[in-house]
Amino acid sequence: MPLAGHLIELRRRLVIAAGALVLGMVIAFFITDPILHFVTGPIRQVAAERGKDLVGFTFSSVTAPFDLRMRMAFSIGIFLSAPVWLWQIWAFIMPGLTKKEIRYTVGFVASAVPLFFAGCYVGVLVMPHIIELMAGFTPEGAQNLYNAQDYYDFIFKLMIVIGVSFIIPVFLVALNFAGIMSGRAILKAWRIAILIACLFAALATPAADVVSMLMLAGILIVLYFAAAGLSLLFDRRKHKRQQEFLEESTV
């Protein structure tokens with residue numbers, strides 16, 4: 001296909017992906033109320049403990065409520081439309097891949113997507129503990145006024161960061177497939193990996209919330225060792241195939 005043909009195909013894929021995103025945003029706009037009620041649950045818990053006069057979910061401008069709903073619609077719309085725009089990306093690059101590359105890519109995507117959403121779910125589980133714990137440091141008589149946009153941005157970024165951290169082991173396995181890192185090299189760095197997992201968990205969760213930190217660090221460490229184990233298994237199979245090929249060639 002000439003360059004012009006590739007550009008036309010790319011434009012068509014982008015239009016379809018954008019249309020799916022807009023449709024996802026429209027659907028998400030009408031379900032923001034239950035989602036907002038869910039994510040503000042920790043604020044109601046803090047209000048029940050400290051008193052409603054000291055805790056509030058606030059909007060700082062006239063248009064802030066609408067702006068928040070649009071931001072929520074956009075972020076939720078990305079998740080709802082993910083199957084469509086992921087398929088458009090895949091359909092655009094698939095013709096240039098070999099059958100073996102297609103099989104590997106499908107395997108990586110099938111592993112990365114569930115892990116990413118699992119990480120987002122862990123972020124949702126950790127979030128209430130963080131908010132309630134941080135509210136406990138508020139001085140007596142002071143107010144906890146949570147700005148709506150800042151509050152939602154905190155939750156969204158927390159989910160994204162933890163979700164991305166969950167797919168790092170998939171990239172380690174991909175590097176092993178590409179021959180850049182061996183399984184032995186991945187496993188050899190286990191001390192550094194544990195240190196990084198603990199540091200990341202400590203940064204992603206409050207210092208005083210030890211339970212959430214240990215839970216997140218433990219999940220990341222298990223995923224790391226799973227990636228190392230898979231890489232060692234693939235290396236063994238690769239070595240076995242090479243030995244069989246050498247024996248056949250000598251015969």
Side-chain angles (χ1 to χ4, degrees), residues 38-43 45-46 71-72 75-76 78-79 82 107-139 142 144 146-235:
F38 173 75
V39 299
T40 54
I43 297 179
Q45 180 65 31
V46 174
R71 293 169 73 134
M72 293 179 64
S75 56
I76 298 170
I78 291 177
F79 286 103
F108 290 137
V109 172
S111 302
V113 172
L115 282 174
F116 175 76
F117 284 108
C120 293
Y121 179 68
V122 170
V124 172
L125 295 179
V126 171
M127 175 265 299
H129 300 288
I130 296 176
I131 296 170
E132 293 173 14
L133 182 65
M134 291 295 99
F137 292 96
T138 305
N144 290 99
Y146 297 96
N147 181 272
Q149 293 187 2
D150 293 339
Y151 182 84
Y152 181 73
D153 285 347
F154 168 77
I155 295 173
F156 183 70
K157 291 175 183 177
L158 178 68
M159 292 173 57
I160 294 298
V161 168
I162 297 180
V164 170
S165 69
F166 269 50
I167 64 176
I168 291 178
V170 178
F171 286 105
L172 291 177
V173 176
L175 292 174
N176 175 259
F177 264 118
I180 298 175
M181 291 184 68
S182 65
R184 190 179 297 273
I186 295 174
L187 185 60
K188 191 176 180 180
W190 67 270
R191 294 180 181 86
I192 299 176
I194 292 176
L195 177 61
I196 293 175
C198 292
L199 288 175
F200 174 81
L203 292 173
T205 58
D209 192 358
V210 179
V211 175
S212 298
M213 184 189 74
L214 292 177
M215 181 181 71
L216 179 57
I219 294 174
L220 294 176
I221 291 170
V222 169
L223 290 174
Y224 167 78
F225 279 108
L230 282 175
S231 298
L232 288 171
L233 179 62
F234 294 146
D235 287 345

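We use all heavy atoms of the structure for the numbers below, so side chains are in, but hydrogens, waters and symmetry mates are not.
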Short side-chain to backbone donor-acceptor contact, S182 and A185, under 3.5 Å: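 Confirmed, S182 side chain pairs with A185 backbone.
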Okay, side chain of Y152, backbone of V39: is any donor-acceptor separation there less than 3.5 Å?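 Checking the backbone N and O of V39 against the side chain of Y152, no donor-acceptor pair under 3.5 Å is found.
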Can you tell me how far the [atom1] atom of [X] sits from the [atom2] atom of [Y], to the nearest 0.5 Å?
X    : Y    : atom1 : atom2 : result
F116 : M159 : CZ    : CE    : 7.5 Å
L115 : L223 : CG    : CG    : 6.0 Å
L230 : D235 : CG    : CG    : 11.0 Å
E132 : M127 : CD    : CE    : 9.5 Å
S111 : F171 : OG    : CZ    : 11.5 Å
L220 : L199 : CG    : CG    : 11.5 Å

For [X] and [Y], work out which heavy atoms get closest and say how close.
X    : Y    : value
Y151 : T40  : OH-CA, 3.9 Å
L232 : R184 : CD2-N, 3.4 Å
V122 : F166 : CG2-CZ, 3.8 Å
A197 : A217 : O-CB, 4.0 Å
A201 : L216 : CA-CD2, 3.9 Å

Check the pair D153, R71 against side chain to side chain contact (heavy atoms under 4.5 Å, CB included), reporting the backbone distance first and the verdict last. CA-CA 9 Å; D153 285 347; R71 293 169 73 134; 2.4 Å; yes
When you compare the side chain of [Y] with that of [X], does any pair of heavy atoms fall below 4.5 Å?
X    : Y    : result
L172 : S231 : no
I196 : Y224 : no
C198 : I194 : yes
I162 : Y121 : no
F200 : V161 : yes

Evaluation steps, side chain to side chain contact (heavy atoms under 4.5 Å, CB included), between I130 and L158: CA-CA 11 Å; I130 296 176; L158 178 68; 3.9 Å; yes
Crowding at CZ, F79 (>12 non-hydrogen neighbours, <6.0 Å):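 Yes, enclosed.
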